[in-house]
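I have placed the structure first, in the form of structure tokens, so that the comments after it can refer back to it.
Below, chain A is the first sequence line, B the second, and so on; all start at residue 1. None of these values were measured; they are calculated from a predicted model.
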Amino acid sequence: MLDAKLIRANLAEVEAALSKRNVTGVLDKFISLDESRREILVEVEELKKFRNASSQEVGKLKKAGEDPTLLMEKVREIGQEIKELDDKLKLIEASLEEILLTLPNLPHSSVPIGEDEKSNKEIRKWGNITDFDFEPLAHWDIGTNLDILDFERAAELSGARFTVYKYAGARLERAVINFYLDVHTEKHGYKEILPPFMVNGDCMIGTGQLPKFAEDMFKLEGRDMYLIPTAEVPLTNLYRGEILDQADLPMYLTAYTPCFRAEAGSHGRDTRGIIRQHQFNKVELVKLTEPETSYEELEKLTSDAERVLQLLNLPYRVVLLSSGDMGFSAAKTYDLEVWMPSYNDYKEISSCSNCEDFQARRANIRYRPTPKDRPRYVHTLNGSGVAIGRTVAAILENYQQADGSVIIPEVLRPYMGGIEIIKKTNK
RNA sequence: GGAGAGAUGGCCGAGUUGGUCGAAGGCGCUCGACUCGAAAUCGAGUAGGCGGCUAAUCCCCGUCUCGUGAGUUCGAAUCUCACUCUCUCCGCCA
């Protein structure tokens, strides 16, 4: 959520920044509503001031044994007036809130301007594109041939965009989860959390999924309860409504969770394999920081995510998203894209963002710099560290052998119970 | 799911015959005194949102907030209703 005072004071700048995100022409209404809000507010507060003083006067009169009836009647009339103005205010404030909650974050000055992903900027590449002396298969074929991924039975159980992992496939998924959590907790200083996989609507508003993107999520029928689309939601909302001590910052959190996405707008994209699923696993990284350090922390968070791909020896590149391609809550985002032979291209496997105070304002997460200071909003950052399913897909494709087997990357072997290679016989 | 109890400031905890209650007291924290320094002790201060004023995120003023929302009243932390959550007991259950 943008700061209403900032919009008021820097209308032209905010308008320009929003246009970089392809959002135009909403601020006029905001400004006029905001003006009438303050006008009415001043008026109603004046009346309340009178009411408060008069009510005390009534008390005094009664105590003194005098008749306060006249004053009481007058205040009653004013009470009616107050009520009408308050109702009016409530309507205006609801409209203002609606506008504020649907405005995206403003892009950081270092973000390339552009309408879509065509304006994204490659920052760096790591590793060499995997070279095959045979025709490599796509992970869905590899997985099906090895009988470690079962799409048909998943469809029987749940429908399209679900996968059953079997045998060494299930083990591999779990190995990657544990490996990632261990790296981030032991090497990068993140504290491990295991949050609920269902959260209420306030959380969804806090991180920016609601009110705008309701159709992308799974909601429990008849309840104010949603399946989380990412662990970013429970992790960032963990301290919703709280004032943290400065000593608590920066706070590094990590969690493994499944993620649930309806992805209403994605029909026809990545229909095969485990790239785009209604349920997938992810290890997430979240940071709460002071505003002054959040961009340093974004660089560190991104390199923490990169580190696990390096350890797996998977080739990837880092892309700086353009203003038009960024997510709703982000001020700046780096995507990590892993090399996928089946796409003959890099494919997103992590998205690392600094949301600055955008989510903190929505979720009301603050900290007190010193005991004397007023609370300030923290900056929130999040990044996949990294997506598990896409990691498994990348491993299958990049580590496949001519005979259809898949070699397990060194670092995962301790997590695989001694399995070094997945062959067809391995069940 | 059934029965009961409760939700107050960073924390604990008073306040429920409605009237200087945004709220006693304690703890914590900040500043000061004492001290070579510290502890102990003493003194002072210490909620947040919104708005007005303003160069100002300093003051000052107003207003709102005692789980959330609505209501009664001249006036509500205190009364009424609904909801949410927590705790205890029972039932069910991984």
Return no unless some side-chain N or O of [X] is found under 4.0 Å from OP1 or OP2 of [N].
| X | N | answer |
| --- | --- | --- |
| Arg366(A) | G49(B) | yes |
| Arg37(A) | G51(B) | yes |
| Arg38(A) | G52(B) | yes |
| Lys5(A) | G52(B) | no |
| Arg374(A) | G49(B) | yes |
| Arg76(A) | C74(B) | yes |
| Asn52(A) | G75(B) | no |
| Arg8(A) | G51(B) | yes |

From the list [options], which nucleotide is the closest neighbour of the side chain of [X]?
| X | options | value |
| --- | --- | --- |
| Lys372(A) | U30(B), C50(B), U72(B) | U30(B) |
| Ser55(A) | U63(B), U72(B), G75(B) | G75(B) |
| Lys90(A) | A70(B), C74(B), G62(B) | A70(B) |
| Pro371(A) | G19(B), C50(B), U30(B) | U30(B) |

Who pairs with [N] - Watson-Crick or G-U, where each distance is under 3.5 Å:
| N | answer |
| --- | --- |
| U57(B) | none |
| A77(B) | none |
| C92(B) | none |
| G45(B) | C29(B) |
| U35(B) | none |
| G6(B) | C85(B) |

Is the side chain of [X] donor-acceptor paired with the backbone N or O of [Y] at a distance under 3.5 Å, no angle test?
| X | Y | result |
| --- | --- | --- |
| Ser95(A) | Leu91(A) | yes |
| Asp248(A) | Leu244(A) | no |
| Lys287(A) | Glu297(A) | yes |

Quantified in whole Å, what is the [atom1] atom distance between nucleotide [N] and nucleotide [M]?
| N | M | atom1 | value |
| --- | --- | --- | --- |
| A56(B) | G51(B) | P | 14 Å |
| G9(B) | A47(B) | P | 13 Å |
| A14(B) | A77(B) | C1' | 12 Å |

Contact class for [X] vs. all strands (heavy atom < 4.0 Å): base, sugar-phosphate, or nothing?
| X | answer |
| --- | --- |
| Asp373(A) | nothing |
| Pro68(A) | nothing |
| Val42(A) | sugar-phosphate |
| Lys74(A) | nothing |
| Arg368(A) | sugar-phosphate |
| Leu41(A) | sugar-phosphate |

(message) If you assign each of Met72(A) and Gln56(A) to its closest nucleotide in RNA chain B, which residue comes earlier from the 5' end?
(response) Gln56(A)

(message) Judged by each residue's nearest nucleotide on RNA chain B, which is more toward the 5′ side, Ile243(A) or Val44(A)?
(response)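 Comparing both residues, the 5'-ward one is Ile243(A).
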
(request) Could you grab the distance from atom CG of Asn354(A) to atom OH of Tyr334(A), nearest 0.5 Å is fine? (result) 10.0 Å

(message) Nearest 0.5 Å, please: how far is CG in Asp335(A) from CD in Glu122(A)?
(response) 12.5 Å

(message) Would you say Asn200(A) and Asp224(A) are linked by a side-chain donor-acceptor pair, where the criterion is simply a distance under 3.5 Å?
(response)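 Not at all, the side chains of Asp224(A) and Asn200(A) share no donor-acceptor pair under 3.5 Å.
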
(message) Could you check whether Tyr295(A) and Glu356(A), counting side-chain N and O atoms only, form a donor-acceptor pair closer than 3.5 Å?
(response)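 On atom types as modelled, these side chains qualify, holding a pair under 3.5 Å.
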
(message) Between the base of G19(B) and the side chain of Lys60(A), is there a donor and acceptor pair under 3.5 angstrom?
(response) no

